Amino acid sequence: AVLVPSYVLVGALLVALGAILTGGQSGQQVTTLLVTLYLVPGMFALSMLHSPNHPLMVALSLLPFTAPVVLPLRAAFAAVPAWQMGTSAAIQATCALCAVWLAGRALRLGLLRYGRRLRWREIVGRRVWPPALPEHGAPRSQAGPATQPESTAHGQSKTWLILRHEFLTTVTRPMYVLTCLGLPLLVLAQLGTMVYSNWTRGSSSGGVQAADEASLARLISLLVMLLLYGMILMASGLMLRSVSEEKKNRVMEVLLLSVHPRQMLAGKTIALGLAGMIQAAVWAAMGWGFLLLGNDSLHAPAGITLSPFVLAWFLIFALLGYALYACLFAGAGALVPDWRKSRQATLLIAAPACIGVEIGLLTTDNPHGTLAVIASLFPLTAPFVMVKR
């Protein structure tokens, strides 16, 4: 009764998003976000074991995207009241029906326009944008460095033109904003729930001792490494998408008539690197703010010092690591005929980064061992292992 409407809900939402989005890469990002919504509640298993009937767990059992995971876990630990199961099933069914209606309307409107993005307000309301009105996020063949007059191209740096166009196109995408703000909010909500649950269990014993300073120090170093890992691979993935899409649409051929390949690569690399740094800065700021708001429940341990010297080295390894992986992904995007066929190349290039993260985890207790030192010198693993050390 809960899982079947949940499947209908997600399937209908993906149909609606498929009619709205114009690129398959954006669809993959949305799918990843939906999968994350279902995976995050699974990390509350320990809290459910101690207090399965906590009001927060009851609320998660009723929400559409968390009920299919939380409700079975609660039922495994305790007897769930029948009214909660019935209410959860009713909410799932109602949301599924609404999603089916939304998907049908989105598909019906989306068939009437080819290559143009369908907006949410057009689906919910009845207003349709006139075809003559230029749309934000139009194909790059209609705007960009290649359409600049010759005098403008000589008066300004072509690299700067490519950089500005690529940066503005990337940061104004809805999926970029959603990933920049939505994903860390989910993680922080999860951490806040865990801290609150630990506080409620430890208040009777005179305070929270669920996470000692050693464990928190490990967690902070792990989060810093994962922050760098996410920034490098996400920004490099945007490079792969940009190069492969422009190659497929034959925009690259037009651009190369007036722009040198080095200028194009430099502009794209810098622009997407800035987008990745902004994303990482937002994630880090939200994490640091969460750490400060934790007060006595979650405070920075004495063994962790984020000095300017450490931050400077972090920035150096972040920039060099991104430059290396971005160029590799750009080469992969130029070699494959379509970005959909570049998954094997992406996995092959990203494999050393994953290995570097695993080595960073394995060498936590021995950061100066042989394995950690060798991985700190190998270019493809050095950014992650050295920052973790």
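All residue numbers refer to positions in the sequence shown, counting from 1. Just so it is clear, the model here is predicted, and its values are computed rather than measured.
Between the CH2 atom of Trp283 and the CG atom of Leu227 there is a distance of 7.0 Å, given to the nearest 0.5 Å. Taken from CG in Leu233 to SG in Cys354, the straight-line distance is 6.5 Å, to the nearest 0.5 Å. Rounding to the nearest 0.5 Å places CZ of Phe378 at 8.5 Å from CD1 of Ile355. To the nearest 0.5 Å, the span separating CG on Leu311 from CD1 on Ile316 amounts to 11.5 Å. For the atom pair OG1 (Thr269) and CG (Leu265), the distance works out to 4.0 Å, reported to the nearest 0.5 Å. Remark: Leu102 CG to Cys95 SG distance equals 12.0 Å, nearest 0.5 Å.
Minimum heavy-atom separation, Ala326 to Ser236: N-OG, 3.4 Å. Between Pro68 and Gln92, the shortest heavy-atom distance links the atoms CD-NE2, 4.0 Å. Nearest heavy atom pair, residue Tyr176 against residue Thr170, reads CB-O, 3.4 Å. Pairing each heavy atom of Gly360 with each of Met225, the nearest pair is CA-SD, 4.1 Å. The two residues Pro379 and Leu324 have their closest heavy-atom pair at O-CD2, 3.8 Å. For Ser88 against Leu71, the heavy-atom pair with the smallest separation is OG-CD2, 4.0 Å.
Remark: side-chain polar atoms of Ser6 are not paired, donor with acceptor, to backbone N or O of Val2 under 3.5 angstrom. No donor-acceptor distance shorter than 3.5 angstrom exists from the side chain of Tyr322 to the backbone of Met277, with no hydrogens or angles considered. Using a distance-only test at 3.5 Å, with no hydrogens or angles considered, no donor-acceptor pair links the side chain of Gln84 to the main chain of Pro81. Remark: the backbone N or O of Met57 is paired with a side-chain donor or acceptor of Ser61 at under 3.5 angstrom.
Linking Ile, Leu, Val, Met, Phe, Trp and Tyr whenever their side-chain heavy atoms come within less than 4.5 Å leaves Val80 and Ile91 in two separate clusters. The cluster map of Ile, Leu, Val, Met, Phe, Trp and Tyr, joined by side-chain heavy atoms under 4.5 Å apart, puts Leu62 and Val70 in different clusters. Criterion: ILVMFWY side-chain heavy atoms under 4.5 Å apart, direct or through other members. Under it, Ile278 and Leu163 are part of a common hydrophobic cluster. Tyr229 and Phe317 fall within a single hydrophobic cluster, where Ile, Leu, Val, Met, Phe, Trp and Tyr side chains are chained together by heavy-atom contacts under 4.5 Å. By the criterion of side-chain heavy atoms lying less than 4.5 angstrom apart, applied directly or through intervening Ile, Leu, Val, Met, Phe, Trp or Tyr residues, Met239 is grouped together with Leu319 in one hydrophobic cluster.
When side chains are defined from C-beta on, Val58 counts as touching Arg74, because their heavy atoms get closer than 4.5 Å. Residues Lys388 and Thr364 form a side-chain contact, since some pair of their non-hydrogen atoms from C-beta on lies under 4.5 Å apart.
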Next item on the list: Mind running side chain to side chain contact (heavy atoms under 4.5 Å, CB included) on Val373 and Arg389 for me, showing each step along the way?
Entry: CA-CA 9 Å; Val373 173; Arg389 292 176 63 198; 4.1 Å; yes
Next item on the list: Decide side chain to side chain contact (heavy atoms under 4.5 Å, CB included) for Thr159 and Ile162; before the verdict, give the C-alpha distance in whole Å, the side-chain angles of both, and the deciding distance to 0.1 Å.
Entry: CA-CA 5 Å; Thr159 304; Ile162 295 176; 5.9 Å; no
Note to self: Between Met386 and Thr381, does the side chain to side chain contact (heavy atoms under 4.5 Å, CB included) criterion hold? Intermediate values first, please.
What the structure shows: CA-CA 8 Å; Met386 187 66 79; Thr381 57; over 6 Å; no
Check: How far apart are the C-alpha atoms of Leu328 and Leu380, what are their side-chain angles, what is the distance that settles it, and do they pass the side chain to side chain contact (heavy atoms under 4.5 Å, CB included) test?
Finding: CA-CA 11 Å; Leu328 291 176; Leu380 296 176; 3.9 Å; yes
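Applying the side chain to side chain contact (heavy atoms under 4.5 Å, CB included) test between Tyr325 and each of Leu240, Leu320, Ile232 identifies Ile232 as the sole match.
Here Tyr7 is tied into one hydrophobic group with Val8, Val100, each link being a pair of ILVMFWY side chains closer than 4.5 Å.
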